[in-house]
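Residues take their numbers from the sequence shown, with the count starting at 1. All values derive from a computational prediction rather than experimental measurement.
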Amino acid sequence: MKNTAYIVLSCLSALVLASCVKDDLYNTPHPDKGALVVTADFSERTEGNAIPDTYVFSVDGKTCDANSAEPFYYPELLPAGVHKLVAYNEPTGMSFTDNVVSVDVLQDGTIEPLPQYLYSYSGSVEAVVDDTVRVTMPMGQRARDLYLRFNITEGDVARLASVNGTLSGAAGAFDVAGGTVTGTAVEVVPDFVVDGNSVDAHVRLLGIIGSKQTLSLNIVFTDGLTQTVESDVSEFLRDFGRDMLTPLELSGNLLLPLEPGFSFSITDMKTGEVENVDLY
């Protein structure tokens with residue numbers, strides 16, 4: 001009888017203890033949804049560029065602001081499944097509509113020649129219920145520097161009053177969700193500076209678009225005469241979007257007319273990567 005009573009008491013004790021424990025054990029307070037933490041990685045950028053302080057982060061089209069300096073805890077829990085992620089900064093000189101960023105258009109119809117740098121990420125994540133998923137987002141640099149440099153190798157530099165020009169065939173918009181340039185080709189007006197025998201300008205582009213890019217260079221002489229030469233630079237800019245981190249230089253020789261009645265010309269045009277932008 002003692003043994004039987006002991007067995008009965010043991011069973012009752014086990015039942016009491018079992019009633020104090022939850023039927024299901026969970027890892028988080030959200031057993032039916034998943035949490036998301038993201039970190040923006042800006043390590044791949046042109047040397048000397050500062051990391052943006054903040055960026056816009058969206059999940060399935062719902063956006064919020066995030067701090068670039070620390071991991072960002074998405075404020076909403078996600079149901080199980082795959083979710084679309086998009087992240088981008090908001091540089092000065094560009095405007096945003098949905099997931100498309102456009103370089104600001106100036107009064108003359110051309111685009112801002114030197115906007116700040118755009119960075120973006122597009123990807124997806126699979127949310128796991130009762131768990132936290134962590135994602136590192138490599139923020140791709142979407143704007144590249146283009147330096148235009150012409151050396152005056154012939155003619156009288158003293159006759160040169162100013163230089164201006166237009167580059168056509170530039171991309172004016174970028175789809176941050178799709179990761180590609182978009183829209184129609186636009187024009188940009190480089191700010192040319194004459195320094196001795198050098199004529200230099202600097203623009204920053206999202207890329208090129210269309211089948212042809214044309215550089216129209218106008219030279220104003222001290223007597224008021226203006227001459228224009230158009231150069232097809234499509235061949236030189238064909239691979240512009242391949243490496244957005246390394247600035248590109250488009251250079252050539254500028255030959256001023258030796259006698260009245262003749263026009264200036266550009267020769268020996270070529271492109272090359274710029275390793276030291278301090279030279280400019």
Do you know the tightest heavy-atom contact between [X] and [Y]?
| X | Y | answer |
| --- | --- | --- |
| Leu36 | Phe57 | CD2-CZ, 4.0 Å |
| Val101 | Leu206 | O-CD1, 4.4 Å |
| Phe236 | Lys270 | CE2-CA, 3.9 Å |
| Arg149 | Ser198 | NH2-OG, 3.8 Å |
| Leu148 | Pro190 | CD1-CG, 3.7 Å |
| Met244 | Leu205 | CE-O, 3.9 Å |

Consider only side-chain heavy atoms of I, L, V, M, F, W and Y, link residues closer than 4.5 Å, and tell whether [X] and [Y] are in one cluster.
| X | Y | value |
| --- | --- | --- |
| Ile266 | Leu255 | no |
| Leu245 | Leu250 | no |
| Met139 | Leu118 | no |
| Val133 | Leu77 | no |
| Leu225 | Leu256 | yes |

Counting distance only, does the side-chain N/O of [X] pair as donor-acceptor with the main-chain N or O of [Y] below 3.5 Å?
| X | Y | result |
| --- | --- | --- |
| Arg242 | Asp239 | no |
| Gln141 | Thr46 | yes |
| Ser68 | Asp53 | yes |
| Arg144 | Phe240 | yes |
| Gln213 | Ile208 | no |
| Asp98 | Val100 | no |

**OP:** Take Thr228 and Ser216 through the side-chain contact (heavy atoms from CB on, under 4.5 Å) test and state the conclusion after the steps.
**Re:** CA-CA 7 Å; Thr228 301; Ser216 179; 3.5 Å; yes
Kindly compute the distance separating [atom1] ([X]) from [atom2] ([Y]), expressed to the nearest 0.5 Å.
| X | Y | atom1 | atom2 | value |
| --- | --- | --- | --- | --- |
| Thr271 | Leu237 | OG1 | CG | 7.5 Å |
| Glu154 | Asn197 | CD | CG | 12.0 Å |
| Tyr73 | Arg134 | OH | CZ | 4.5 Å |
| Asp200 | Phe192 | CG | CZ | 9.0 Å |
| Asp65 | Thr54 | CG | OG1 | 6.5 Å |

Which pairs would a plain distance check flag for residues 161-184, meaning a side-chain donor or acceptor within less than 3.5 Å of a matching protein atom at least two apart in sequence or in another chain?
unit_1: Asn164; atom_1: OD1; unit_2: Asn218; atom_2: ND2; d: 2.7
unit_1: Ser168; atom_1: OG; unit_2: Thr214; atom_2: N; d: 3.2
unit_1: Ser168; atom_1: OG; unit_2: Thr214; atom_2: O; d: 3.4
unit_1: Asp175; atom_1: OD1; unit_2: Ala177; atom_2: N; d: 3.0
unit_1: Asp175; atom_1: OD1; unit_2: Gly178; atom_2: N; d: 3.1

**OP:** Report the C-alpha separation of Glu273 and Asp243 in whole Å, then their side-chain angles, then the decisive distance to 0.1 Å, and conclude whether the side-chain contact (heavy atoms from CB on, under 4.5 Å) test is met.
**Re:** CA-CA 10 Å; Glu273 294 182 347; Asp243 176 13; 3.8 Å; yes
**OP:** Would you indicate whether the side-chain heavy atoms of Leu146 and Leu248 approach each other to under 4.5 Å?
**Re:**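 Leu248 vs Leu146: side chains touch.
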Original post:
With no hydrogens and no angle check, do the side chains of Ser43 and Asp41 hold a donor and an acceptor under 3.5 Å apart?
Top reply: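 Judged by distance alone, the side chains do pair up.
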With [X], which residues qualify under side-chain contact (heavy atoms from CB on, under 4.5 Å), at least two apart?
| X | value |
| --- | --- |
| Arg159 | Asp156, Phe221, Thr222, Asp223, Pro257 |
| Asp108 | Leu106, Thr110, Val189 |
| Gln107 | none |

Could you give the side-chain donor-acceptor pairs of residues 82-97 under 3.5 Å, partners two or more places apart or in another chain?
unit_1: His83; atom_1: ND1; unit_2: Asp60; atom_2: OD2; d: 2.7
unit_1: His83; atom_1: NE2; unit_2: Pro79; atom_2: O; d: 2.8
unit_1: Lys84; atom_1: NZ; unit_2: Ser122; atom_2: OG; d: 2.7
unit_1: Asn89; atom_1: OD1; unit_2: Tyr119; atom_2: N; d: 2.7
unit_1: Asn89; atom_1: ND2; unit_2: Tyr117; atom_2: O; d: 3.0
unit_1: Thr92; atom_1: OG1; unit_2: Gln116; atom_2: OE1; d: 3.4
unit_1: Ser95; atom_1: OG; unit_2: Asp104; atom_2: OD1; d: 2.6

**OP:** Output all residues satisfying salt bridge (Lys or Arg N to Asp or Glu O under 4.0 Å) with Glu70, sequence neighbours left out; order by chain, then residue number.
**Re:**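 Once residues adjacent in sequence are excluded, Glu70 has no partner under the salt bridge (Lys or Arg N to Asp or Glu O under 4.0 Å) criterion.
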Subject >> Verdict with reasoning, Tyr121 to Tyr55, per side-chain contact (heavy atoms from CB on, under 4.5 Å) >> reply: CA-CA 11 Å; Tyr121 167 82; Tyr55 64 94; over 6 Å; no
**OP:** Output, in order, the C-alpha distance, side-chain angles, deciding distance and verdict of side-chain contact (heavy atoms from CB on, under 4.5 Å) for Leu217 and Val199.
**Re:** CA-CA 11 Å; Leu217 201 62; Val199 178; 5.7 Å; no
**OP:** Any chance you could lay out the side chain to side chain donor-acceptor pair (under 3.5 Å) test for Ser234 and Asp232, step after step, and finish with the verdict?
**Re:** CA-CA 6 Å; Ser234 309; Asp232 185 345; 2.6 Å; yes
